[in-house]
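Scroll down for the structure; my scribbles are underneath it.
Letters go in sequence order (proteins before strands), and every chain restarts at 1.
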2 protein chains.
Amino acid sequence: MPGSLQSFKAEFFKALSHPVRIKMLELLADGEKSVTELQTILGLDQSGVSQQLSVLRAKGIIVSRKNGTTVYYTVRDPLVFQLLEIARNIFNNHLIDTKDMLSQLETEKETDPALIS
Amino acid sequence: MPGSLQSFKAEFFKALSHPVRIKMLELLADGEKSVTELQTILGLDQSGVSQQLSVLRAKGIIVSRKNGTTVYYTVRDPLVFQLLEIARNIFNNHLIDTKDMLSQLETEKETDPALIS
DNA sequence: TTTTAATATTCAAATATTTTGATATGCCTT
DNA sequence: AAGGCATATCAAAATATTTGAATATTAAAA
């Protein structure tokens with residue numbers, strides 16, 4: 001049985017590893033949204049939206065509520081938002097480092113322009 | 001330019017979406033480890049370990065330090081551990097739900113065994 | 001300077017994910 | 001019941017990831 005816990009976690013992160021799905025979760029931070037609303041905001045076709053939602057649903061990250069013919073989605077566990085926020089912080093730290101790297105590269109370029117190409 | 005931020009985040013999560021890489025990060029929570037150490041603990045072949053490490057390195061999640069011929073790896077931003085901990089909590093909540101679901105299904109099964117298949 | 005140990009890279013096959021378009025289902029209105 | 005929305009599923013092509021074996025690099029030791 002070793003590694004099954006890690007596999008489960010990996011599956012969870014895999015569900016988050018798509019730009020559209022990240023965006024969806026960020027949109028759902030404001031509260032529930034219908035498929036059409038998501039579709040409009042994201043500017044994607046219906047099928048694509050539905051499919052990405054089904055990935056998140058399959059991992060239990062979002063849940064749906066049906067009203068007539070429209071389906072509303074919500075993030076099940078608010079911890080997901082904390083997770084995204086931490087990711088954002090890590091991302092910001094990383095950006096700073098990248099900026100440092102870039103400016104450093106910039107000064108190296110002044111010395112030897114060939115370094116850039 | 002819309003969505004590039006989400007893409008970046010997605011890339012980050014993608015780096016975490018592999019059982020071996022999760023396990024590596026968990027091992028690195030104790031402090032730096034060499035490739036051989038990781039290889040021994042994980043019970044994988046050298047090439048595989050090196051490859052997974054390079055994925056994490058490419059995303060800037062881990063950094064390396066070289067001493068002679070051995071390379072030591074560390075997680076760059078400790079926030080990563082917080083991230084993993086939150087993921088663990090989400091995972092636990094989810095497990096509880098799953099257990100509930102299962103036991104509920106179990107009682108339903110007593111009523112109507114056909115529900116299981 | 002040849003060998004050895006530790007790590008990294010490369011390549012190709014196997015597998016998985018994404019994307020697109022078409023089709024299906026369910027519910028509401030007329 | 002027929003038509004029209006809203007959503008979901010399916011299937012195939014395009015793309016990306018994983019895996020394993022072979023090869024390359026680098027630093028130390030002999």
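Within the 4.5 Å cutoff, side-chain heavy atoms of B/Gln82 are placed close to those of B/Leu79. Using a 4.5 Å heavy-atom threshold, the side chains of A/Phe12 and B/Phe91 count as separate.
Atom CD1 of residue A/Ile90 and atom CD1 of residue A/Ile86 lie 7.0 Å apart, to the nearest 0.5 angstrom. Rounding to the nearest 0.5 angstrom, the gap separating the CG atom in A/Leu5 from the CD1 atom in B/Ile22 is 9.5 Å. In this structure, CZ on B/Arg88 lies 8.0 Å from CG on B/Asn92, to the nearest 0.5 angstrom. Rounding to the nearest 0.5 Å gives a distance of 11.0 Å between CD1 of A/Ile41 and CG of A/Leu44.
Within residues 10-45 of chain A, the residues that have a heavy atom under 4.0 Å from DNA chain C are, in order of number, A/Lys14, A/His18, A/Arg21. At a non-hydrogen distance threshold of 4.0 Å, A/Ser47, A/Gln51, A/Gln52 from residues 46-67 of chain A come into contact with DNA chain C.
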Exercise answer: donor-acceptor pairs, residues 25-38 of chain A side-chain atoms, under 3.5 Å, sequence neighbours excluded:
from: A/Glu26; atom 1: OE1; to: B/Gln6; atom 2: NE2; distance (Å): 2.7
from: A/Glu26; atom 1: OE2; to: B/Lys9; atom 2: NZ; distance (Å): 2.6
from: A/Glu32; atom 1: OE1; to: A/Arg65; atom 2: NE; distance (Å): 3.1
from: A/Glu32; atom 1: OE2; to: A/Arg65; atom 2: NH2; distance (Å): 2.7
from: A/Ser34; atom 1: OG; to: A/Glu37; atom 2: N; distance (Å): 3.1
from: A/Ser34; atom 1: OG; to: A/Glu37; atom 2: OE1; distance (Å): 3.4
from: A/Glu37; atom 1: OE1; to: A/Ser34; atom 2: N; distance (Å): 2.7

Side-chain polar contacts of residues 49-58 of chain A - donor-acceptor pairs under 3.5 angstrom, sequence neighbours left out - could you list them?
from: A/Gln51; atom 1: NE2; to: A/Ser47; atom 2: O; distance (Å): 3.4
from: A/Gln51; atom 1: NE2; to: A/Ser47; atom 2: OG; distance (Å): 3.2
from: A/Gln52; atom 1: OE1; to: A/Arg21; atom 2: NH1; distance (Å): 2.8
from: A/Ser54; atom 1: OG; to: A/Gln51; atom 2: O; distance (Å): 2.9
from: A/Arg57; atom 1: NE; to: A/Tyr73; atom 2: OH; distance (Å): 3.2

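Of all non-hydrogen atoms in B/Asp77 and A/Asn93, the two that sit nearest each other are OD2-ND2, 2.6 Å.
Contacts between chain A and DNA chain D, taken as any atom within less than 4.0 angstrom of a protein heavy atom, begin and end at D/dA6 to D/dA11.
Between B/Tyr73 and C/dA8 there is a side-chain N or O to OP1 or OP2 distance below 4.0 Å.
Residues satisfying the salt bridge (Lys or Arg N to Asp or Glu O under 4.0 Å) test with B/Glu11, not counting sequence neighbours, are B/Lys14, B/Lys59.
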